[in-house]
*Asks:* 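Have a look at this one before I ask anything.
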Amino acid sequence: MTVEAYYRPTSLEEALDLTAEHESSLEVVSGGTITMPAVNEGHTFPSRVMDLRPLGLDYVRAEGETLRLGATTTLSEVIDRSDVPLLREAARHTGGWAVRNMATVGGNLFAPPPLGDFAVALLTLDAEVEIRSRDERRRVPLSEFYRGEDRAIDADELVTEIRVPTLDGETAYLKYTRNQEPAPPIVTVAVRVAVQDGVVDEARIAANGADAHPVRLRDAERVLEDAALDDDAIERAADAAADSANPPRDAVASEWYRRRMIGQYVSKALGEVSEAGGSR
Ligand SMILES: Cc1cc2nc3c(=O)[nH]c(=O)nc-3n(C[C@H](O)[C@H](O)[C@H](O)COP(=O)(O)OP(=O)(O)OC[C@H]3O[C@@H](n4cnc5c(N)ncnc54)[C@H](O)[C@@H]3O)c2cc1C
């Protein structure tokens, strides 16, 4: 099968007219670093392709207490233009520089397991995904955007923006790979912990390599609530993280090994924020 139509809309309205008209028969390409290898290796045979890059959704804007990332912002642009350390760190660990120059923040939300190294950081920052169709605009917490291997988005919709609130807390980000990076993760862990009056006020712990998509490890978060961020609490949270994970197995690592490493890396990451004081 050959590509019959290649669209490069220059406005969001035009793009959403095309998604409304063609729905799932339209292959959406942002940076193309997932889509194009799949096409080149013969896994997908799109007949209609739409390129999102001319839409002007490549922006990093601080607006009050919210950071707005346009969906087609590349990971290299995040490194250059965002002032959120956790996001810059996550972008640096997603692929090599050639990939980061093309790969987009919107596209990373669709990465298959065990990928999604940027999205893991977004989960700990309580990011929201803005989704548009021709007739509707809605916002979904990123944690609710993932539905197993699917995403909470219809065929006539596009992700247009990711919104990141300014939140308290110390953060840490760790990616564990079999080979020297750039390499796919065995596990990636991001944490954000806010400590007030000596106890944990808010904890976010997220990982990939822990499920079919980047996921918040809520059992581990609950262990920390109202606890002192000491060795005992960290160990119990790490155990809860490992126990609640449902890791994929692939050529990179077995389910058993990933589960062990989730515990280890949650412990390491929480140790880092504990040393840093856990509050800003
Ligand atoms: C060599 C190599 C190394 C990599 N290493 C890593 C890594 O270490 N960590 C990691 O997480 N990923 C990695 N990736 C995967 C990929 O590069 C990233 O996940 C990237 O962020 C995907 O973004 P993209 O814009 O290229 O996606 P695309 O390929 O453009 O799109 C992927 C999918 O998302 C959908 N989509 C994209 N944008 C939108 C939107 N705005 N609205 C609706 N649907 C949309 C498309 O329909 C498509 O199905 C790697 C890829 C390669 C080729």
Side-chain angles (χ1 to χ4, degrees), residues 7 9 12 15-16 18-19 22-41 43-44 46 48-59 69-79 87 89-123 129-133 137-138 140 142 145-146 149-162 173-190 206-209 213-214 248 252:
Y7 304 103
L12 186 56
L16 293 173
L18 286 164
T19 57
H22 299 294
E23 298 200 334
S24 55
S25 70
L26 188 66
E27 185 76 29
V28 172
V29 180
S30 191
T33 60
I34 294 171
T35 314
M36 291 318 297
V39 170
N40 292 340
E41 289 163 18
H43 301 302
T44 50
R48 295 173 193 281
V49 176
M50 179 168 75
D51 182 354
L52 298 184
R53 279 170 300 183
L55 295 184
L57 296 176
D58 52 337
Y59 55 83
L69 299 174
T72 66
T73 305
T74 65
L75 296 166
S76 293
E77 285 169 330
V78 172
I79 295 168
L87 292 182
E89 182 74 358
R92 267 196 290 273
H93 284 282
T94 305
W97 65 265
V99 167
R100 292 194 291 270
N101 284 344
M102 297 297 290
T104 65
V105 298
N108 198 250
L109 310 186
F110 295 85
L115 303 174
D117 288 322
F118 188 71
V120 168
L122 291 172
L123 281 173
V129 185
E130 183 164 287
I131 295 169
R132 296 272 300 266
S133 68
R137 176 200 292 246
R138 61 195 177 95
V140 182
L142 177 57
F145 182 67
Y146 292 107
E149 286 174 12
D150 292 331
R151 305 292 184 261
I153 185 167
D154 292 329
D156 66 338
E157 294 180 313
L158 290 173
V159 171
T160 52
E161 187 173 278
I162 296 160
Y173 183 94
L174 296 172
K175 176 171 172 176
Y176 175 53
T177 58
R178 190 172 286 282
N179 303 314
Q180 194 180 351
E181 287 187 59
I186 293 173
V187 295
T188 305
V189 169
N208 72 23
H213 51 77
V252 179

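Positions are given from 1, in the same order as the sequence printed here. These numbers come from a predicted model, not from an experiment. Every number for a ligand or one of its atoms is a count from 1 in the order of the listing. Note: hydrogens, waters and symmetry copies are ignored here, and every other heavy atom, side chains too, is used.
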*Asks:* At what distance is the nearest protein heavy atom to atom 25 (O) of ligand 1, and which residue and atom is it?
*Replies:* T104 OG1, 2.6 Å

*Asks:* With atoms numbered from 1 as shown, which atoms in ligand 1 lie under 4.0 angstrom from a non-hydrogen atom of L52?
*Replies:* 39 (C), 40 (C), 41 (N)

*Asks:* When rounded to the nearest 0.5 angstrom, what is the spacing between CG in N108 and OG1 in T73?
*Replies:*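 If we round to the nearest 0.5 Å, N108:CG and T73:OG1 are 12.5 Å apart.
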
*Asks:* What protein heavy atom lies closest to atom 37 (C) of ligand 1? Include the residue and the distance to one decimal.
*Replies:*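 Minimum-distance protein heavy atom for atom 37 (C) of ligand 1 reads G107 CA, 3.7 Å.
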
*Asks:* Does ligand 1 have an atom that lies less than 4.0 angstrom from a heavy atom of G116?
*Replies:* yes

*Asks:* In ligand 1, which numbered atoms sit nearer than 4.0 Å to a non-hydrogen atom of K175?
*Replies:* 7 (C), 8 (O)

*Asks:* What residue and atom, counting heavy atoms only, is the protein's closest point to atom 5 (N) of ligand 1, and at what distance?
*Replies:* G95 CA, 3.4 Å

*Asks:* Please list the nearest protein heavy atom to atom 31 (O) of ligand 1 with its residue and the distance rounded to 0.1 Å.
*Replies:* T35 OG1, 3.3 Å

*Asks:* Any atom of ligand 1 sitting under 4.0 Å from a heavy atom of M36?
*Replies:*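 M36: no contact with ligand 1 (<4.0 Å).
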
*Asks:* In Å and rounded to the nearest 0.5 Å, what is the CZ to CD distance from R138 to E157?
*Replies:* 4.0 Å

*Asks:* With a cut-off of 4.0 Å, which atoms of ligand 1 are near a heavy atom of A111?
*Replies:*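 What qualifies from ligand 1 is 19 (O).
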
*Asks:* Which ligand 1 atoms are under 4.0 Å away from a heavy-atom of A71?
*Replies:* 41 (N)

*Asks:* Ignoring hydrogens, what is the shortest heavy-atom contact between L69 and V105? Give both atom names and the distance.
*Replies:* CB-CG2, 4.3 Å

*Asks:* Stepwise, does the ring-ring contact (aromatic ring centres under 6.0 Å, His included) test hold for F145 with F110?
*Replies:* CA-CA 10 Å; F145 182 67; F110 295 85; 5.7 Å; yes

*Asks:* What is the minimum heavy-atom distance between F118 and A91, and which atoms define it?
*Replies:* CD1-N, 3.8 Å

*Asks:* I'd like to check which ligand 1 atoms, numbered from 1 as shown, lie under 4.0 Å from a non-hydrogen atom of D117.
*Replies:* 7 (C), 8 (O), 9 (N), 10 (C), 11 (O)

*Asks:* As a test of understanding, state which of L123, L115, D117 forms a side-chain contact (heavy atoms from CB on, under 4.5 Å) with N208.
*Replies:* D117

*Asks:* For atom 47 (O) of ligand 1, state which one of V28, I153, T177 supplies the nearest heavy atom.
*Replies:*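 Nearest option to atom 47 (O) of ligand 1, by heavy atoms: V28.
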
*Asks:* Nearest 0.5 Å please: distance from the CD atom of E27 over to the CG atom of D51.
*Replies:* 12.0 Å

*Asks:* For atom 30 (O) of ligand 1, which of the options P113, A15, S30, P114 provides the nearest non-hydrogen atom?
*Replies:*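 Nearest heavy atom to atom 30 (O) of ligand 1 lies in S30.
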
*Asks:* May I ask you to check if ligand 1 and A103 share an N or O to N or O distance below 3.5 Å?
*Replies:* no

*Asks:* Quick check: closest heavy atoms across P248 and P113, and the distance to 0.1 Å?
*Replies:*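 Of all heavy-atom pairs spanning P248 and P113, the closest is CG-CB, 4.2 Å.
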
*Asks:* Nearest 0.5 Å, what's the CG-CG distance between D58 and L52?
*Replies:*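 So the CG of D58 and the CG of L52 are separated by 11.0 Å.
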
*Asks:* Among protein heavy atoms, which lies nearest atom 26 (O) of ligand 1, and at what distance?
*Replies:*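 The answer is T33 OG1, 2.5 Å.
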
*Asks:* May I ask you to identify the nearest protein heavy atom to atom 1 (C) of ligand 1, giving residue, atom name and distance to one decimal place in Å?
*Replies:* V99 CG2, 3.7 Å

*Asks:* Roughly how far, to the nearest 0.5 Å, is NE2 of H213 from CG of L109?
*Replies:*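 Answer for the CG-NE2 pair, L109 versus H213, is 12.5 Å.
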
*Asks:* Which protein heavy atom lies closest to atom 19 (O) of ligand 1, and at what distance to 0.1 Å?
*Replies:*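 Answer, as residue, atom name and distance: N108 ND2, 2.9 Å.
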
*Asks:* Could you tell me if any non-hydrogen atom of P184 lies under 4.0 Å from any atom of ligand 1?
*Replies:*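 Under 4.0 Å: no for P184.
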
*Asks:* Can you pull out the closest protein heavy atom to atom 41 (N) of ligand 1? Residue, atom name and distance to 0.1 Å, please.
*Replies:* V159 O, 2.8 Å

*Asks:* Going by distance only, is there an N or O of V29 that falls short of 3.5 Å from an N or O of ligand 1?
*Replies:*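 Checking ligand 1 against V29, no N or O pair falls under 3.5 Å apart.
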
*Asks:* What's the separation between atom CZ in R132 and atom CG in L158, rounded to the nearest 0.5 Å?
*Replies:* 9.5 Å

*Asks:* Taking the side chain as every heavy atom from C-beta outward, state whether M50 and T19 have any atom pair closer than 4.5 Å.
*Replies:*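 Yes, close enough: below the 4.5 Å cut-off.
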
